[in-house]
Amino acid sequence: MTPAPVGHHCPECVAEARRSARRPLRLRRPRSATVVLIGINLAVFVVEVALGGLRNLEVLVRMGAMVPLLVAQGEYWRLFTAMFLHAGPIHLAFNTFALYLFGNLVEDSLGTARFLAVYLLAGLFASAASFALNPPGAAGVGA
């Protein structure tokens with residue numbers, strides 16, 4: 001037996017516990033869908049900036065921002081397109097960083113197809129919640 005702060009430990013038991021302990025989580029190279037989604041977000045932001053969308057709400061609305069009044073009038077595609085728009089560089093940076101960190105882990109554990117399904121459905125449900133809870137004239141962007 002080996003003395004320990006809380007009594008004694010069996011050397012064989014400690015060795016077995018060390019062998020079966022979980023390894024620390026390491027960040028792997030981004031998976032394919034995560035990279036594609038980051039690329040889409042960056043490309044859409046470049047177009048947004050080129051059209052003057054950083055300070056201009058009209059540009060975001062023309063590009064597909066989720067506006068409850070417009071969705072209620074039948075523009076349901078806005079529930080999808082709003083996921084790829086961002087309100088500014090800080091918004092884009094935080095979302096891209098989170099997607100890089102967590103998207104990579106989720107895609108690694110679920111697989112590419114399931115990860116894309118989760119990402120797109122979560123974005124659609126977030127847009128639907130924004131549609132339901134925001135005033136009719138408000139505009140929403142981001143996943």
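Residue numbers run from 1 in the order of the sequence given. A quick note: this is a predicted structure, and the numbers were derived from the prediction, not measured.
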Taking every non-hydrogen atom, the tightest pair across [X] and [Y]:
| X | Y | answer |
| --- | --- | --- |
| L124 | M83 | N-SD, 3.7 Å |
| A138 | P68 | O-CD, 3.0 Å |
| G52 | N56 | O-CB, 3.1 Å |
| L85 | L60 | CD1-O, 3.7 Å |
| M63 | V44 | CE-O, 3.8 Å |
| L79 | S127 | O-OG, 2.9 Å |

Practice problem: List the steps and the verdict of side-chain contact (heavy atoms from CB on, under 4.5 Å) for V141 and M66. | Solution: CA-CA 6 Å; V141 294; M66 198 293 302; over 6 Å; no
Quiz item: Atom CG of L92 and atom CD of E48: how far apart are they, to the nearest 0.5 Å?
Solution: 8.5 Å
Quiz prompt | Distance in Å, M1 CE paired with H8 NE2, rounded so as to fall on 0.5 Å steps | solution = 7.0 Å
Is there a path of hydrophobic side-chain contacts, each under 4.5 Å between heavy atoms of I/L/V/M/F/W/Y residues, joining [Y] to [X]?
| X | Y | result |
| --- | --- | --- |
| L120 | F115 | yes |
| F102 | F94 | no |
| F45 | L51 | yes |
| F125 | F131 | no |

Practice problem: Answer whether the closest heavy-atom distance between the side chains of L116 and L37 falls below 4.5 Å. | Solution: yes
Quiz prompt | Side chains of N104 and L99 in contact at under 4.5 Å (non-hydrogen atoms) | solution = no
Practice problem: Give the C-alpha distance, both sets of side-chain angles, the deciding distance and a yes or no for side-chain contact (heavy atoms from CB on, under 4.5 Å) between V106 and T34. | Solution: CA-CA 9 Å; V106 174; T34 302; over 6 Å; no
Exercise. May I ask you to decide if T112's main-chain N or O and E107's side chain share a donor-acceptor pair within less than 3.5 Å?
Key: no
Quiz item: Is the backbone of A65 close enough, under 3.5 Å, to the side chain of R78 for a donor and an acceptor to pair up by distance?
Solution: yes
Quiz item: For the ring pair (Phe, Tyr, Trp, His ring centres under 6.0 Å) test, which of W77, F84, Y76 pairs with F80?
Solution: F84
Practice problem: Show your reasoning for whether side-chain contact (heavy atoms from CB on, under 4.5 Å) applies to T96 and Y100. | Solution: CA-CA 6 Å; T96 302; Y100 175 78; 5.5 Å; no
Exercise. State whether the number of non-hydrogen atoms from other residues, nucleotides or ligands found under 6.0 Å of I90 atom CD1 is greater than 12.
Key: no
Practice problem: For E58, look at atom CD and say whether over 12 heavy atoms of other residues, nucleotides or ligands are found less than 6.0 Å away. | Solution: no
